[in-house]
Amino acid sequence: MLEARLEQAAVLKKVVDAIKDLVQDCNFDCNDSGIQLQAMDNSHVALVAMHLKTDAFSPYRCDRNIALGINLASLQKVLRAAQNDDLLTLKAEDAPDVLNLVFESAENDRIAEYDIKLMDIDQEHLGIPDTEYAATVTMPSSEFQRICRDLNALSESVSIEAAKEGIKFSCQGDIGSGAVTLRQNNNVEKPDLSTIIELNEPVGLTFSLKYLVNFCKASSLSNTVKLSLSAEVPLLIEYKMESGYVRFYLAPKIGDDE
Amino acid sequence: MAESPTKDAQSQDLDIPLSATFIPPSITRPLLSSSTSYTHHSPHPPILTSSDDRPPCILGVDEAGRGPVLGPMVYAVAYTPLNSSHFLKSHSFDDSKKLTASFRSQLFHSTCTPSHDLHTHVGWSCTLLSARDISSGMLRPNTVGAYNLNAQAHDTTARLIREVIESGVNVAEIYVDTVGVATSYQAKLQKQFPGAKVTVAKKADSLYPIVSAASVVAKVTRDAAIEVLAEMEQEEEEKVEEDPEANGEDQNEAEKVEPAEDGKQKGKRTWDKVVEMGSGYPGDDKTKKWLKSNMDPVFGFGNRAVRFSWRTVADMMDGKGANAVGVEWEEDVDDGDQRITGFFTSGDSVGAGNGSWYGVPVKADSF
């Protein structure tokens with residue numbers, strides 16, 4: 001059986017909010033390393049991988065590997081009933097047909113209990129190879145969100161170019177063009193506001209802004225976001241949590257890279 | 001209303017056989033077949049061409065087939081010199097809905113017959129907006145903005161009038177029938193045609209004989225178009241359609257016409273000729289039947305006759321009790337979007353036993 005308690009319900013709330021617009025139904029795979037999820041969007045252009053490690057829970061108990069097939073919209077509905085500070089306990093049998101969620105208020109003795117019906121989801125697991133990326137850029141997640149949102153108003157796609165001195169996001173649209181450049185800067189006092197570029201070689205790729213804007217819904221998970229780029233491989237966007245991560249992969253666009 | 005002409009009273013001065021359906025010159029089969037919208041202009045009536053001084057004319061505008069789910073929407077104008085307008089009254093032009101189908105047909109036929117005095121005095125033009133063009137206008141994406149039926153109607157009307165004026169007709173007065181608010185539409189048209197006096201009125205087709213003439217042109221053209229379309233669809237759908245009535249159509253049925261006394265929209269069609277398609281109104285049983293038997297469960301309808309933008313069609317495809325096949329539309333893949341599956345390999349073939357490692361999925365029968 002599975003029994004996993006999160007100190008803060010907010011963690012799961014944010015995870016679900018971050019991916020529910022990309023994926024409708026998916027399996028939460030529970031095993032002794034924690035709870036994992038891997039799913040593609042309907043058009044199979046983007047992939048999301050999530051891992052909540054056992055450290056995120058106290059206690060965490062999972063006797064057998066269980067796949068919890070969940071409709072994310074349903075899960076979100078139930079999670080709305082939880083306060084951010086509530087203790088959240090997930091429980092499931094070994095061959096479950098429901099997932100049991102218990103919300104315990106930190107302040108008073110309120111206990112709320114919900115069951116979500118599970119579904120049988122035939123899901124394809126993709127093997128993601130370890131990649132040595134040409135460029136890895138860490139920047140404030142709010143800044144990345146703002147750039148994507150601003151450029152999305154002009155165009156459907158953005159070209160991301162990483163060089164030694166900075167990272168440049170630029171786009172061409174019907175009404176005009178736009179570009180935002182972030183220079184490498186190390187903010188010692190507030191490290192979260194730094195833009196750090198680790199570069200093996202300069203790289204430039206084009207991506208669909210629609211997806212990037214969608215990924216940015218994960219910004220509440222972390223103050224910083226890490227972009228990893230290499231020519232002709234999917235962009236990796238990682239939001240690190242205290243004990244886990246949410247990663248998005250997006251294939252580069254072909255044809256119109258300049 | 002009381003002076004609805006009967007077949008007997010009117011038929012003596014008409015020279016076409018009652019049994020034949022009159023296909024007016026405004027029907028062009030190849031264009032109908034290709035779902036193209038088009039405009040037909042009659043030659044100028046001899047009375048206009050014979051005089052050099054371009055006599056001032058009155059022009060009437062009316063439409064037919066706005067509501068139906070099938071067939072084109074027809075806009076027609078008719079024009080005649082101001083001093084000849086009495087002619088029309090003497091030929092019992094009235095609201096086309098108050099005239100019988102055959103009488104309308106005869107009036108229009110006369111107008112197209114060179115020896116007839118109607119032909120000498122009346123010129124006409126009409127535009128057929130195809131079902132495809134109406135629907136694709138109404139269903140334009142939000143980014144462009146829908147081209148609604150009213151806007152299409154107004155633009156078509158204005159274009160028709162402009163073309164008539166540009167062909168050299170001295171239009172002095174314009175009369176338009178409208179279903180919407182008359183005043184704003186009148187102002188709009190007046191602005192576009194400052195040289196003419198524009199009158200937009202509800203029920204103009206029963207008030208002004210020239211509008212009645214236009215309404216006859218529109219209605220007969222529309223009915224003929226429906227009939228021709230039904231034939232075309234019939235030819236193509238022969239394999240699907242197994243209705244024995246379709247071929248054993250009784251010619252006499254065509255003439256089972258009665259003057260519809262009520263000017264109301266509902267039930268005004270009593271014409272039985274087009275057995276297959278009916279009137280094209282969504283409420284018409286024959287139309288319903290036609291739609292039902294002609295729907296492909298996957299592709300729906302051809303775009304020649306059916307207006308996709310109608311609720312009737314959407315409900316048949318997607319509504320409660322719809323018998324169309326459900327289609328799950330994957331999100332549009334933009335040009336240049338590559339699938340992520342092209343980069344990552346399926347775990348089943350590479351990652352040794354990943355699937356089983358994650359445990360057994362919940363079975364459907366466990367619910």
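In this structure, B/F344 has its ring center closer than 6.0 angstrom to the ring center of A/Y249.
With sequence neighbours excluded, no residue forms a salt bridge (Lys or Arg N to Asp or Glu O under 4.0 Å) with A/D55. Not counting sequence neighbours, the partners of A/T136 by the side-chain contact (heavy atoms from CB on, under 4.5 Å) test are A/Y133, A/E198, A/K226, A/S228.
In this structure, chain B has a heavy atom under 4.5 Å from the backbone of A/E232, while its side chain stays farther away.
The main-chain N or O of A/P252 is found under 3.5 Å from a side-chain atom of B/Q338 such that the two form a donor-acceptor pair.
The minimum heavy-atom distance between B/I340 and A/A251, with the atom names listed, is CD1-N, 3.7 Å.
Contact check for A/L126 versus B/T341: side-chain heavy atoms found under the 4.5 Å cut-off.
Within 6.0 Å of NZ on A/K168 lie no more than 12 heavy atoms contributed by other residues, nucleotides or ligands. For B/K188, the NZ atom sits in a packed shell: over 12 heavy atoms of surrounding residues, nucleotides or ligands are nearer than 6.0 Å.
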